[in-house]
Each structure stands twice: as C-alpha cells, then as structure tokens.
Amino acid sequence: MSRPTVLMPVRLHDSAVDGCEERFELLRLWEAPDPDALLAERGADVRGLAGGAHRRIDAALFDRLPNLEIVANFGVGYDSIDVDAATERGIVVTNTPGVLDDEVADTALALLLMTVRELGQAEQYLRTGRWASEGHYPLTDLTMTGLKLGILGLGRIGEAIARRAETFRMTVGYHNRTLKDVPYRYYPSLLEMARDVDTLVIVVPGNAATHHLVDAEVLAALGPDGVLVNVGRGTVVDEAALVDALKTRTIRAAGLDVFEDEPNVPRELIDLDNAVLLPHVGSATTPTRRAMGQLLVDNLTSWFADGRALSPVNG
Ligand code: A2R
C-alpha cells in the first residue's frame, strides 16, 4: 500500500519532520520553489497536514486539499487553525497536550521570580558595572513566598503551575468557566479574583471567548502591587491597556512570554523597566519539542492505521 501523503506548510521541529518522512510521503511546502503550483499539482493527494509555528490554516487552504482527513498541530494551542471550518468538512484536528505542561509551568514560575525579585534588572545592574560603582542593588518590596496567586485557566498547565506555587507556600485560586474538583479556591468572576490576589498568571487558550479577557478593568483590580504573568496567549491581554497600566504603575510589573502580534513586541513594552519579556520560549527545550513532535506523528500514524486520533480537539 502506498504511504499516506502529508503536507507540512512550514518547517517544524526535526522530530516532526523526520517522523513524518519515515512514515508518510512528506510534501515540504516551505521548500517548494512554487508552493502554489505544488498545491495545484498534489493538493488532491494530501490526506494529512502537519501544522504549527503560527501558520494560519483555514478554509482557503482546505479548499485546495479536497481529500484532507486530519490536521495535526505542533503545540497545545491551536488558535492558528480554523477548527470550525475543519469540522464542517469532517477534518479531525489534533494538538499536543500534556507533554509540555512541566516546561511551560517552569517558565511561568521563572517569569514570576524574575518579576517579583527583579532578577533581570539586578543582572543588568551587575553587567553594567553599577554594583561595583554604586553598591548593592536596591531591596525588592515583594517576595515570592506566601504570595496569593490567581490562575486564569486551571487546566493541565495551570495545575502544574499550582503544584509549583504550593512549594513556594503560595495561596492558589483560579478562574475557569467551570468549577473543578481541586483544593484551590474557585472564583466564578475573573474581576473578583484579580481584586483578591497579588499575582495573576494567564494560561488559557487564545480564542474569541478569551480575547482581551484581561483588560484595563482587570488590571486596575489587580492593583499597584499586582504582578501579571502570561504564558497562555498574547491575545488574552489587551496589550495597549497593559502598557498603560505598567507605565502608570496601575500594576507593579508583568512577565510575558506571549504577545498579541508575535514576533512584534511594541517598542513601548520593550522600553519599560517593569516588564520582563521572553520570546515565546515556554515549551522551547529539545526534550519537550521532541515529545511534541512525537505526539504529532503518533496522531497521524494512529489516524491512518485505524481512524483513531490520539488527542483530537474537535470530537
Ligand atoms: O473554562 P473551563 O472550565 O473549560 O477551563 C479551561 C480554561 N478556560 C477558560 N477559563 C475562563 N474563560 C474562558 N473563556 C476559558 N476557556 C478555557 O482554560 C481550562 O481549565 C483551561 C485550559 O486548560 P487545558 O485545556 O488543559 O489547556 P492546557 O494544556 O493547560 O493549555 C492551555 C493553553 C494552550 O491553549 C496554549 O494557548 C497555552 O496554554 O500554551
């Protein structure tokens, strides 16, 4: 039997590329001299699509792939895929949940430590010679131990963050749409949680329902000693309102791994000394990216073997 044909629009991690090469006929669209011609010539052969790296996958692409059965996404967040358009056409969409929880949770705690203890600024202080010339770096007002932490999105990653927060003797609360059977305080209202906590960590998916969920009102509720950390999606925060809140010290500081228009980070944010900024490295280690690539390939393999996706997001 011939091997199923899988299209990869942009180059993903080697584990995904090599795994697909091994098992399927892989169409490497990013290398095609004329991608449009490749789609015209081979589009009807494509049964699987390996997506990710924020490449938009929508109805316009599906129209060119009439026999597409499955879209396997590299990443747990699948906001770059039009899942409704896929579902309408009977196309299964999968993601890579679970295998990156610890990595992203570590990143969230690192951002929290960096913002609360001003570690990035303190390092710059040393590197620019100020320790030697001016003396000790000023004391920070906040300390990690015992902080009140509110998690927006207590899912797989959120729970991994909560477990870590417990070792810092933090009090953990969360806001989801639904109450969970966990030993943390549930806030049915995000605004109420923001008023009550010291730090708000965002780890909800990016979609229409979460767009700008954290706006000027939520930031004002977080207050002048409040710290915001975002490892979910940039679109969850009204970035202009955040810049304003940081400038006016409506909140104390923010630690961000995700942005509204990646990789473009507003100059105003870069210039602020109370923002710690990372280039979306939440899951960016070789072991975790390998595990994500493996799960992507396993989803495709399982689907073509017996019509069963391992981690579908649409049924
Ligand atoms: O709302 P629920 O009960 O379905 O809880 C989910 C929560 N969530 C929301 N909370 C408030 N308002 C919303 N509109 C809303 N939509 C979803 O976010 C759930 O507890 C959590 C997501 O958890 P998981 O589905 O387990 O996702 P995971 O693997 O933790 O990743 C979260 C996101 C990814 O979608 C990427 O954007 C990023 O982290 O890496």
Side-chain angles (χ1 to χ4, degrees), residues 13 51-57 71-83 93-111 149-165 172-194 197 200-215 217-218 221 228-238 255-262 278-285 288-289 291-292 295-296 299 310-315:
H13 185 260
H54 302 289
R55 161 69 147 85
R56 184 95 195 122
I57 292 167
V71 174
N73 184 55
F74 184 84
V76 67
Y78 48 87
D79 38 317
S80 55
I81 300 171
D82 186 339
V83 177
V93 178
T94 67
N95 65 345
T96 60
V99 295
L100 43 62
D101 299 350
D102 287 331
E103 211 70 79
V104 179
D106 287 350
T107 308
L109 267 292
L111 277 172
L149 172 73
I151 300 177
L152 170 54
L154 191 81
R156 288 169 294 249
I157 302 170
E159 288 203 37
I161 293 170
R163 284 193 294 276
R164 283 158 173 74
V172 178
Y174 70 102
H175 170 69
N176 282 0
R177 288 164 303 183
T178 45
L179 174 77
K180 285 182 91 165
D181 184 16
V182 287
Y184 310 122
R185 174 170 174 190
Y186 176 61
Y187 293 87
S189 151
L190 171 60
L191 203 57
E192 190 198 329
M193 182 168 82
V197 299
L200 179 62
V201 174
I202 302 169
V203 64
V204 276
N207 55 40
T210 61
H211 187 260
H212 287 192
L213 212 51
V214 174
D215 57 11
E217 196 183 8
V218 171
L228 181 80
V229 166
N230 190 2
V231 291
R233 280 291 181 266
T235 53
V236 179
V237 179
D238 179 340
L256 309 171
D257 187 42
V258 289
F259 303 88
E260 278 204 84
D261 178 30
E262 296 176 14
L278 298 180
H280 203 149
V281 293
S283 67
T285 67
T288 293
R289 289 290 163 88
M292 290 162 63
L295 184 49
L296 176 148
N299 263 300
L310 302 180
S311 45
V313 300
N314 60 345

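From a predicted model like this one, the values you see are computed outputs, not experimental measurements. Ligands are counted one by one from 1 in listed order, and the atoms in each one are counted from 1 as well. All heavy atoms count here, side chains included; hydrogens, waters and symmetry mates do not.
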Nearest heavy atom to atom 20 (O) of ligand 1 wins, so pick from Asp79, Thr210, Asn176, Asp257.
-> Asn176
Nearest non-hydrogen atom to atom 17 (C) of ligand 1 belongs to which of Glu103, Glu159, Arg177?
-> Arg177
Distance col, row Thr210:OG1 vs Ile202:CD1, nearest 0.5 angstrom, shows 9.5 Å
If you look at every heavy atom in Val281 and Thr107, which pair is closest and at what distance?
-> O-OG1, 4.2 Å
Rounded distance (nearest 0.5 Å) linking atom CZ of Arg156 with atom CG of Leu100 = 8.5 Å
Any idea which atoms of ligand 1 are less than 4.0 Å away from a heavy-atom of Val76?
-> 29 (O), 31 (O), 34 (C), 36 (C), 40 (O)
Would you check whether Pro97 reaches within less than 4.0 Å of ligand 1, judged by its heavy atoms?
-> no
Could you find the nearest protein heavy atom to atom 38 (C) of ligand 1 and give me its residue, atom name and distance?
-> Gly232 O, 3.7 Å
Among Arg156, His175, His211, closest by any non-hydrogen atom to atom 24 (P) of ligand 1 | Arg156
Just jot down the ligand 1 atoms closer than 4.0 angstrom to any heavy atom of Leu154, in number order.
-> 20 (O)
Within a reach of under 6.0 Å around CD of Glu217, are more than 12 heavy atoms found that belong to other residues, nucleotides or ligands?
-> no
Counting heavy atoms not belonging to Tyr174, are there more than 12 under 6.0 Å from its OH?
-> yes
Relative to ligand 1, is Pro205 under 4.0 angstrom through side chain, backbone, both or neither, heavy atoms considered?
-> both
A student checking ligand 1 against Thr178 at a 4.0 Å heavy-atom cut-off should list atoms 2 (P), 3 (O)
Do Gly158 and ligand 1 have an N or O pair less than 3.5 Å apart?
-> no
Hey, looking at atom 9 (C) of ligand 1, which of Val204, Ile161, Leu152, Thr96 has the closest heavy atom?
-> Val204
Mode of Ile157 contact toward ligand 1 - side chain, backbone, both, neither (heavy atoms, under 4.0 Å) | both
Side chain, backbone, both or neither: Arg233 near ligand 1, heavy atoms under 4.0 Å | side chain
Side chain to side chain contact (heavy atoms under 4.5 Å, CB included), paired with Leu154, selected from Asn176, Val204, Val203 = Asn176
What's the spacing between Thr288 OG1 and Asp102 CG if we round to 0.5 Å?
-> 8.0 Å
Donor-acceptor contact below 3.5 Å, side chain Asn73 vs main chain Val76 | no
What do you reckon, does Val104 put a non-hydrogen atom under 4.0 Å from ligand 1?
-> no
Quick one: list whatever passes salt bridge (charged side-chain N to carboxylate O under 4.0 Å, His left out) with Arg289, sequence neighbours left out.
-> none
Which residue and heavy atom of the protein sit nearest atom 23 (O) of ligand 1, plus the separation | Gly155 CA, 3.2 Å
Find all atoms of ligand 1 within a distance of less than 4.0 Å from any non-hydrogen atom belonging to Val203, and give their numbers and elements.
-> 32 (C), 33 (C), 39 (O)
Under 30°, 30 to 60°, or over 60°: which ring-plane class applies to His54 and His280, parallel, tilted or perpendicular?
-> tilted
